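Here the structure is laid out as structure tokens; the discussion comes afterwards.
Values below: every heavy atom of this structure, side chains too, minus hydrogens, waters and symmetry copies. Here is the naming used below: chain letters follow the sequence lines, and residue numbers restart at 1 for every chain. Remember, predicted model here, so these are calculated numbers, not experimental data.
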Amino acid sequence: MSENLSLDKLSEQQEAAIEYMEGPVLVLAGAGCGKTQLITHKYARLYNKDREKYSTMLAVALTNKAADEMRDRIAYAIGSDPSNNLKGMWVGTFYSQCNRILLKEKAAIGITGDYVIYDSEDQCRLIRHILNDMKLYEALYKGVASKISYFKSSLLTPDELFSTYNNFDFDEKLLKVYVRYQDEMRRTNALDYDDLISYTIRLFEENPDILNKYREIFSYILVDEFQDTSYAQYQFLKLLATNNILVAGDDDQTIYKSRDFESENILAKFEADFDNARLMRLEQSFRCTQNILKVSGSVISKNTYRKQKILWTDKQSGEKVCHYWFMAEEDEAKYIAKNIKDLYLKGNYAYSDIAILYRVNLQSRVIEEALKNERIPFKVIGSSMIYHKRETKDLISYLRLMWNKDDNVSIRWIINQPNRGITVNTLNKIENEAKKEGISIYKAIVKLCAAKGLSTSVKEKLNNFIALLDLLSENKSITLSEAIKLVGTHTSYIEALDENALNDISEIMFRSGNLPLGEFLSDVSLTTTNDDVRGMSCVSLMTLYNVKGMEFPVVFISGLEDGLIPYFKATETSEELDEERRLFYLGMTRARDILFMTGAKKRRLYAKFQNQEPSRFLKDIPKDCCLWIEKNAIPANVASKAQPQPQQPVEFPYNTGCRVKHPKWGVGVIRDCYGEKNDIKVTVNFPNVGVKRLALKYANLEKI
DNA sequence: ACAATTTTTGTTTTT
DNA sequence: CAAAAATTGT
């Protein structure tokens with residue numbers, strides 16, 4: 001799964017980009033051309049050349065996972081010298097590194113106290129509240145949230161928008177929501193993701209001395225996946241960098257672009273802004289075979305706006321890329337499972353070498369079934385998110401309030417959780433007070449309790465709540481597990497949880513119980529728990545989005561049908577279509593050796609069956625580069641009668657991985673066990689002889 | 001005010 | 001189909 005770790009082998013182009021120190025560099029790198037390798041090596045090379053100067057370089061990646069991998073590979077490349085202070089390295093995402101800067105320097109821009117970071121779910125809750133309060137159609141919250149986020153990531157303030165759009169039929173209501181949102185965030189002492197970047201920019205702009213300090217610290221700046229950099233992130237880089245920057249990206253691999261409005265071509269902007277920038281290309285793919293390169297290239301070349309790249313490789317032409325068309329999704333899934341089994345039994349590929357990709361998560365169901373039937377181990381990646389479950393969110397709300405009592409979103413969430421008998425009526429009074437005075441809900445409650453106008457019984461309830469919050473927030477410098485215990489002893493909320501929720505919470509404790517509360521809270525917002533598949537011997541199932549940055553020797557892309565790839569909701573504009581094509585391209589170029597593409601005519605989406613047509617993108621593939629195979633319908637009665645028994649109860653004497661001894665071939669490892677009760681066959685991998693398939697009755701195997 | 005029932009909705013996803 | 005939202009009934 002990880003890219004080739006043959007660290008010493010760098011291509012001439014990579015070498016040139018590493019050694020070039022005369023000015024800014026834009027590296028345009030194709031899929032699998034060693035872009036990340038280039039970055040980690042440049043880091044290591046500079047570091048080893050002059051530790052004094054280059055021990056605090058800034059290196060940013062798009063996701064935590066990518067950043068972690070970058071950090072690991074840098075550590076590997078500079079060697080495991082204990083004097084290397086890896087923890088102090090400025091390697092991470094834009095957001096985490098900005099957060100780090102802000103925590104150090106927040107006083108300079110007037111952030112007092114401990115802010116909380118709102119994730120997109122918190123943002124949505126707040127926006128729904130605002131829409132509701134302004135008597136606007138609440139169901140629009142998602143669209144509103146993404147537009148506000150777009151404004152913020154483009155560094156457009158409401159004022160600027162007012163003056164720019166004054167005379168157009170621009171949505172004035174949207175701007176009012178934006179203003180309200182910003183106001184509420186300020187009162188609540190919360191920052192959203194975009195704020196982390198824009199506040200840092202403001203910090204630098206208003207405090208030249210601080211900016212200069214960080215210009216010193218960041219003696220060189222390295223940026224991975226540069227094509228996905230937002231305007232704000234780019235401004236951040238522009239403030240910090242002069243000649244000491246290298247950015248690397250591939251415009252063919254942007255997959256989060258068209259969701260916002262039109263966005264400028266960031267690659268072109270870099271070349272324009274850094275006028276002495278040098279463009280370098282990495283076009284030698286170390287990953288894909290010639291055939292895969294040819295097929296994927298023919299698809300991506302149909303995109304309208306892109307930098308032309310001509311990828312080439314030293315590798316063999318390899319297996320032909322195959323496209324299979326089935327009559328039903330079950331047949332498709334069965335074929336994939338059977339094919340994986342065959343690949344595995346032949347012994348050239350382990351299960352962990354194989355990935356199955358799809359456009360939407362619900363496609364995994366059928367495939368999972370088929371894999372279970374073939375007894376193939378697998379893992380579905382990216383479908384469970386522990387921190388987004390309801391019960392966990394409740395707990396996190398409490399923890400956040402311990403940290404920052406002004407957190408309105410959290411206070412609204414748990415004010416009646418467990419039920420404290422505070423009525424809607426009272427809540428409205430509190431909201432009005434907070435709005436009128438421009439203060440947080442917590443402060444509004446305190447104020448109302450001190451004044452007259454509320455009945456004593458209501459006041460008592462509110463005072464109890466306030467007392468609880470005060471008690472909880474008394475001591476902030478505690479660890480997460482202490483904090484959770486505190487919440488447990490002072491509220492009845494944990495008692496009411498079911499087993500699953502308790503399991504989730506103990507998992508959180510297990511994972512980060514020792515972290516200081518504040519650190520845990522920013523971690524929760526800034527990092528998603530990505531299930532790591534490294535080292536596990538199972539097939540990986542995931543969406544095309546999730547596979548970004550990975551590679552597998554064997555890749556199956558399923559559901560190559562119009563409506564799925566491209567997705568039916570993204571076929572209106574040519575930008576949307578281009579993005580779907582890039583997504584498809586991304587999936588294809590994950591494959592090192594073998595690429596299968598499959599589709600099915602009959603597919604069930606939600607409740608109804610649909611007749612699908614093969615993906616329109618397949619037309620872009622020249623007929624001679626690809627093997628086209630159409631599986632005809634198996635007569636229904638034969639098909640349904642042939643396979644209905646789950647046939648699970650057959651017990652096999654050997655498990656995969658167990659070691660055996662053969663009279664002739666010596667010691668081997670069982671890879672698989674299958675067949676009928678009285679005719680069990682095994683596949684054994686003998687290190688000296690190779691993979692053998694044996695009939696158990698005649699083989700005389702001995703368990704060791 | 002809260003539980004039970006009916007209606008609606010439905011991509012992907014990072015921070 | 002299944003979860004979330006909206007509506008109705010007690």
(request) Please check if any side-chain donor atom of A:Ser146 sits under 3.5 Å from a side-chain acceptor atom of A:Ser149, or the reverse. (result) no

(message) Between C1' on B:dT15 and CD1 on A:Ile101, what's the gap in Å once rounded to a whole number?
(response) 16 Å

(message) Parallel, tilted or perpendicular, judged at 30° and 60°: which one describes the rings of A:Phe151 and A:Tyr178?
(response) parallel

(message) Just the rounded figure in Å: distance from C1' of B:dA1 to CG of A:Asn416.
(response) 11 Å

(request) Measure the distance between the ring centre of A:Tyr567 and the centre of the six-membered base ring of B:dT11, then answer whether it is under 5.5 Å with planes under 30°. (result) yes

(message) Looking at A:Tyr545 and B:dT13, is any side-chain donor or acceptor paired with a base atom of the opposite kind under 3.5 Å?
(response) no

(request) Examine distances only and state if a side-chain atom of A:Asn404 and a backbone atom of A:Thr188 form a donor-acceptor pair shorter than 3.5 Å. (result) yes

(message) Under 4.0 Å, counting only non-hydrogen atoms across every strand here, what does A:Asn361 touch: a base, just sugar-phosphate, or nothing?
(response) sugar-phosphate

(message) Less than 4.0 angstrom between a side-chain N/O of A:Arg604 and OP1 or OP2 of B:dG10, yes or no?
(response) no

(request) Let me know the distance between CD of A:Glu225 and C1' of B:dT13, rounded to the nearest Å. (result) 14 Å

(message) Among A:Leu196, A:Asn64, A:Asp195, A:Ile117, which residue satisfies the side chain to side chain contact (heavy atoms under 4.5 Å, CB included) criterion with A:Tyr95?
(response) A:Leu196

(request) Name the nucleic acid region contacted by A:Arg365, choosing base, sugar-phosphate or nothing; use a 4.0 angstrom heavy-atom cut-off, strictly under. (result) nothing

(message) Reading DNA chain B from 5' onward, which residue's closest nucleotide shows up sooner: A:Thr423 or A:Ala607?
(response) A:Thr423

(request) State which of B:dT13, C:dC1, B:dT14 makes the closest approach to the side chain of A:Thr543. (result) B:dT13

(request) Rounded off to whole Å, could you give me the CD-to-P distance for the A:Gln227 and B:dT14 pair? (result) 16 Å

(request) Starting from P on B:dT13, measure out to OH on A:Tyr95 and report it in whole angstrom. (result) 17 Å

(message) If I take atom NZ in residue A:Lys569 and atom C1' in nucleotide B:dT9, what distance separates them, rounded to the nearest angstrom?
(response) 9 Å

(request) Name the closest nucleotide to the A:Ser120 side chain, picking from B:dG10, B:dT12, B:dT15. (result) B:dT15

(message) I'd like to know if the side chain of A:Arg420 and the backbone of A:Ile414 have a donor-acceptor N/O pair within less than 3.5 Å.
(response) yes

(message) Looking at A:Asn64, I'd like to know whether one of its side-chain N or O atoms comes within less than 4.0 Å of OP1 or OP2 on B:dT15.
(response) yes

(message) If I take atom OH in residue A:Tyr606 and atom P in nucleotide B:dT8, what distance separates them, rounded to the nearest angstrom?
(response) 17 Å

(request) Could you say whether A:Val424 or A:Leu583 is positioned toward the 5' end of DNA chain B, judged by the nucleotide with the nearest heavy atom to each? (result) A:Val424

(message) From C-beta outward on A:Val360, which listed nucleotide comes closest to its side chain: C:dA5, B:dT13, B:dT11?
(response) B:dT11

(message) Between A:Arg604 and A:Glu329, does any NZ, NE, NH1 or NH2 come within less than 4.0 Å of an OD or OE carboxylate oxygen?
(response) no

(request) Rounded off to whole Å, could you give me the CD1-to-P distance for the A:Ile117 and B:dT14 pair? (result) 17 Å

(request) With heavy atoms under 4.0 Å as the rule, sort A:Asn546 into base, sugar-phosphate or nothing. (result) sugar-phosphate

(request) With side-chain hydrogen bond (donor to acceptor under 3.5 Å, both in side chains) as the test, would you mind laying out the steps for A:Gln610 and A:Lys602 before giving the verdict? (result) CA-CA 6 Å; A:Gln610 284 197 318; A:Lys602 216 172 86 187; over 6 Å; no

(message) Let's test your reading of the pairing rules: Watson-Crick or G-U wobble, both distances under 3.5 Å, then write DNA chain B as a dot-bracket string with ( ), [ ], | and dots.
(response) ||||||||||.....

(message) I'd like to know if the side chain of A:Arg603 reaches the main chain of A:Ala328, judged simply by a donor and an acceptor atom lying under 3.5 Å from each other, with no hydrogens or angles considered.
(response) no

